[in-house]
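Quick notes on the structure that follows.
Quick caveat, the model's predicted, so the values are computed rather than measured.
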Amino acid sequence: MQNAHYSTREDIAQCLCAGIPAILFHKFNNTLMKPVRLPAAATNALPRWGLLALGLLYILPGLIGRDPWKNDDAASFGIMWTMAHGTLQDWLAPNIAGLAMPSESPLAFWFGAICIKLFGWLLGDPIAARLSTIACFLIGSLSIWYATYLLGRRPEAQPLKLAFGGQPESRDYGRTLADGAFLIYLGFLGLLLHSHETSPKTLQIALVGYAIYNAVRVFDSNRPQQAFRLGLTLALLVLTRGWVLPAGVFIGLLALAVLRYRRMLPTLLGVTLPTVLLICALWVIVTRALLPDAAAQFDTWLSWNHYQINWPTLKSLKFFVKYGIWFAWPAWPFAGWAIYAWRRQPFSLHIALPLSFFVSIAVVLLINVHGEEGKLLPLLPPLAILAAFGLPTMKRGAINAVDWFSVMTLSTCAAFIWIGWIAKETGWPAQIAKNAYKLAPGYQPGFNIIALVIAALTSLGWILLVHWRLSRRPPVLWRAVVLSSGGVILCWVLLMTLWLPWINYGKSYAGVARQIEERTAAVKQCVTSNVGPAQRASFAYFGNVKFEDRPDMRCDFLLLQDNVYNQNAELMLRQYEGNWQLLWEGRRPSDRDERFRLYRRTGR
C-alpha cells in the first residue's frame, strides 16, 4: 500500500514513547491517507438485470426506425455500404460510391460492412450497420465497468476499517463503484447523440475504455500477455481514428511508469510498443501490396494526422472549457472532487491511471485547434472512472444538490418534450405547433400507439425512480448519479419515440434522393457531382444514383450542391465542360439554405 512507509516500527516506537497508543497512531495515519469511510450497506450493487435494462433502454432508441442522418452518420454509413457491396479495393481504400476518403482509417468501416454483409438481407443495410454501434457501446461500457471494478478492489482504494467492523468487502465495494461508473457513463450529455451514430467515434471511445481496462491489467500484473493486449488495443485505435490519440495515451502511460511504476517500463517498451508498431506496419504493407495507389492514400492519411497537431492556443482552451462543461456533465464535479479527496495518495493506481489517460487525451485535444465536439469523446471513459471514485467521498449536501439539479432540469426537459409533442399532434398550444411545423415544412404527423406506450411507461418509470430516491434516501453509493442517468435516458427515449418521425424528416436526404431518382431512372447513366460525403451516400443508397468513380468518365447528368444565396451559380456550372439543361431544383424542406440542381447534358 502507498501508506506503508508511514507505519514503520520506529514511528510506532516514537508514538509509544510520546504516550500515544499505537492503535491511535494507525487510526490517525489511515484517516489522513484514506478519505473513505463506509458501512457495508452503502455497497449494495444494482441487480444485473437492472444494468442490462438501463443499457438497452439507452442504446436501442434512436437506432431503429430512422434513415442515416446528415453529416457523419450518413457519410460513415456510405463507406460501410460501399465496402459491403464493393470489391477488395473498396475495403482497403475507404470511399463513398467512388468518392475517395483517404483521411479515414478503415477499422470502424470494416466492422460495419461485415454487419451489413451478415445481416443486411434481414434487417436492411442501415440497421445492420448500426449493429456495430451497439457492439461498440457494449465494449465501451463493459470495459469501463470492469476497469473500475478491478481498481476498486485494490487495497489502497478500500475504505477505512470501522472500529467495530461492518465495512464492505473489497469485491462488493469494487462492484458498487463499477455500477456508479456505468451510470455516470450513461449520463454523459455529450455521449448521447454520438453514441447512436454510425461513426468511427463510437469505436474510438469503446477502444479507449478497453485500453484503460488493459492498462489496469498490465499495471496490476505486469504480464507480457496483458501488455500485448494493450498494444493490440492501441494499434486498433490507430486503425480507427489515426495515430495521434494512441500516441498521446502511450506517452501518458510511460510518464506514469517513470514517475511511480518503473517496473512497468520494460514491459511497455519491450512488448506494448513493438506490438503497436508491428500491427500498424502490417496494415501498411498489406495495403501497399494490394492497392495500386496506396502510397498516395497513405500520404494523405499521414497529412490528416499531422493536421491534428498544432501549438495550443487560447481558442482551443476556450473550446475545451466551453464545451467540456456540458459535454462531460455530470461526471466532472465528481471527478474533480475525487482528485482532491485522494490528494494524499495521488499515485494510487485507481486515481493515477485514469488521471494519466485524462491528462494525456486532454493535451492531445488542446493541440488540436480544429473545433469539433466529437473530439471530446475520448475524455469520457477515464472521466467516468475518476468520477466513480469521487462518489464515496462526496458530502451529502453536494450529492443532494446534484440530485435536485438533475430532477428539476431533466424533468422540465421531459415536460417540454411532452408538451411539444401534444402541440404537434393536436395543434394546441397553437404557437408551439406553429413553430414545430415552421421548422419542418410539409411534415405530415402520424400517430404511433407503440411509441406512445413506450414513452408513457418510461415517464412513469422516471416518476417512480424520483419518488424512490427522494422518499427512501438510500445510502448506496450510486444514488448520487442514478437520477442524472435516468433523466438523460428518459429525455432520449421521449425524443426517439414521440419525435423521431419529425426529426428523421428534417435530417434525412431520402426524399431528395427519390426526387433525383425519378429524373435519372430512365437512362441510368452516371452523374458528375460536387455533393458532400453525406449527400453522396444518401443519394447513392436511397436514389440508386450512379456517381462517376473515375476522372475519365463522361457523364450525361450533373448534380450541383450550393446554397440559395450563391451569387456565382452560373460560374460554378461553367466549370463543367458541355452544354447543360436544368431538369430539377430542390432541397430538404427543413433546410432553407442548401440547394441541389440537376442538369442533363444537351451537346457533345
Side-chain angles (χ1 to χ4, degrees), residues 1-8 11 29-36 143-144 146-160 170 173-174 177 181 208-231 233-234 245-273 275-276 335-364 378-379 381-390 392-393:
M1 292 176 58
Q2 294 283 340
N3 59 347
H5 64 279
Y6 286 91
S7 302
T8 61
D11 292 334
N29 178 53
N30 287 335
T31 303
L32 283 177
M33 300 302 297
K34 288 190 174 184
V36 181
S143 298
I144 291 171
Y146 276 104
T148 310
Y149 173 68
L150 293 174
L151 291 171
R153 289 177 55 185
R154 291 179 63 86
E156 64 268 27
Q158 296 301 303
L160 284 167
S170 61
Y173 182 62
L177 289 173
V208 169
Y210 192 56
I212 297 175
Y213 167 75
N214 283 308
V216 173
R217 289 289 195 184
V218 171
F219 279 78
D220 208 16
S221 64
N222 198 20
R223 293 180 180 177
Q225 308 94 289
Q226 303 297 339
F228 171 78
R229 291 178 184 174
L230 176 60
T233 307
L234 295 179
L245 180 68
V249 168
F250 184 74
I251 293 172
L253 292 176
L254 284 181
L256 177 60
V258 169
L259 291 174
R260 191 66 176 183
Y261 299 90
R262 295 191 177 180
R263 64 186 178 89
M264 302 304 306
L265 284 174
T267 306
L268 293 174
L269 294 175
V271 180
T272 301
L273 181 58
T275 301
V276 177
W337 183 258
I339 297 171
Y340 173 78
W342 290 93
R343 65 192 180 280
R344 297 184 182 275
Q345 288 181 284
F347 288 105
S348 294
L349 196 63
H350 64 286
I351 298 296
L353 185 62
L355 186 59
S356 70
F357 270 83
F358 178 82
V359 171
S360 59
I361 295 173
V363 171
V364 170
L379 287 172
L383 203 58
I385 296 174
L386 272 176
F389 286 97
T393 63

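- Remark: side-chain polar atoms of R263 are paired, donor with acceptor, to backbone N or O of F219 under 3.5 angstrom.
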Inset, instruction - Go through the steps for I361 and V208 under the test side chain to side chain contact (heavy atoms under 4.5 Å, CB included), then give the verdict. - result: CA-CA 10 Å; I361 295 173; V208 169; 4.1 Å; yes
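- Taking CD1 from I212 and CG from L150, the interatomic distance works out to 12.5 Å, rounded to the nearest 0.5 Å.
- The neighbour count for R262 CZ, taken as heavy atoms of other residues, nucleotides or ligands under 6.0 Å away, does not exceed 12.
- Taking the side chain as every heavy atom from C-beta outward, R217 and R229 never approach each other to under 4.5 Å.
- Judged by distance alone, the side chain of T148 and the main-chain N or O of I385 form no donor-acceptor pair under 3.5 Å.
- At distances below 3.5 Å, at least one donor-acceptor pair connects side-chain atoms of R343 with backbone N or O atoms of Y340.
- Between the CG atom of L353 and the CG atom of L253 there is a distance of 6.5 Å, given to the nearest 0.5 Å.
- A perpendicular orientation is assigned to the rings of W342 and H350, their planes being inclined by more than 60° (bins at 30° and 60°).
- Sparse packing is recorded around OH of Y146, with 12 or fewer heavy atoms of other residues, nucleotides or ligands lying under 6.0 Å away.
- Between L268 and L230 there is a side-chain heavy-atom pair separated by less than 4.5 Å.
- The CG atom of L349 lies 4.5 Å from the OH atom of Y261; values are rounded to the nearest 0.5 Å.
- Here the shortest heavy-atom pairing between G152 and Q158 reads O-NE2, 2.6 Å.
- P246 and L234 get closest at one heavy-atom pair: CB-O, 3.7 Å.
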Inset, instruction - Go through the steps to decide whether V271 and V218 satisfy the test side chain to side chain contact (heavy atoms under 4.5 Å, CB included), and finish with yes or no. - result: CA-CA 11 Å; V271 180; V218 171; over 6 Å; no
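- Interatomic distance, CG of L269 versus CE of M264, reported as 10.5 Å (0.5 Å rounding).
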